[in-house]
Amino acid sequence: MRAEPYAPFRFLATGFSEDPRFSYDPLAGVRDFARSLATAARLSVAFAQSGRTIDLAGLDDKVGLLCAKALDLAPNEGRELRGDLILLRSELDGLAHVLGQPLPDP
């Protein structure tokens with residue numbers, strides 16, 4: 001038995017086209033992205049507080065991408081995203097606070 005691979009685009013003779021079976025809600029996508037970044041920041045705080053090394057390379061790029069995606073939303077959708085962005089900001093502020101403190105003794 002052969003399963004059809006996941007592909008949100010299908011090839012047509014004229015090029016690629018979105019497959020209507022795979023719908024994408026831009027607001028939900030940006031909201032999930034913001035929540036995943038908040039989770040990553042929360043985990044980074046926990047790791048930093050326990051003395052573990054954390055790698056934040058690329059975090060600024062991800063936040064920049066989130067901002068760009070949020071700006072692409074309609075104004076009403078952007079307002080709905082406000083709570084998630086405030087949560088992300090507080091998680092990032094907490095991370096900045098933890099990183100500014102000395103490391104715990106081993």
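Nothing here was measured: the structure is a model prediction, and the numbers come from that model.
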Any idea which heavy atoms bring L81 and R31 closest together, and the distance? CD1-CA, 3.6 Å
List the atom pairs, donor and acceptor, that lie under 3.5 Å between side-chain atoms in residues 53-63 and the rest of the protein, sequence neighbours left out.
| from | atom 1 | to | atom 2 | distance (Å) |
| --- | --- | --- | --- | --- |
| D55 | OD1 | A57 | N | 3.0 |

What pairs with D93 under salt bridge (Lys or Arg N to Asp or Glu O under 4.0 Å), at least two apart in sequence or on another chain? R89
Qualifying side-chain hydrogen bond (donor to acceptor under 3.5 Å, both in side chains) pairs, either residue in residues 68-82, two or more places apart: N76-R79
Could you measure the distance from the CG atom of L95 to the OG atom of S90? Nearest 0.5 Å is fine. 11.5 Å
Could you give the side-chain donor-acceptor pairs of residues 37-46 under 3.5 Å, partners two or more places apart or in another chain?
| from | atom 1 | to | atom 2 | distance (Å) |
| --- | --- | --- | --- | --- |
| T39 | OG1 | R35 | O | 3.0 |
| R42 | NE | E91 | OE2 | 3.2 |
| S44 | OG | A40 | O | 2.8 |

In one Ile/Leu/Val/Met/Phe/Trp/Tyr side-chain cluster, 4.5 Å: F33, I86: no
ILVMFWY cluster, L85 and L87 together (side-chain gap under 4.5 Å): no
For the residue pair A34 and D84, what are the closest heavy atoms and their distance? CB-CB, 4.3 Å
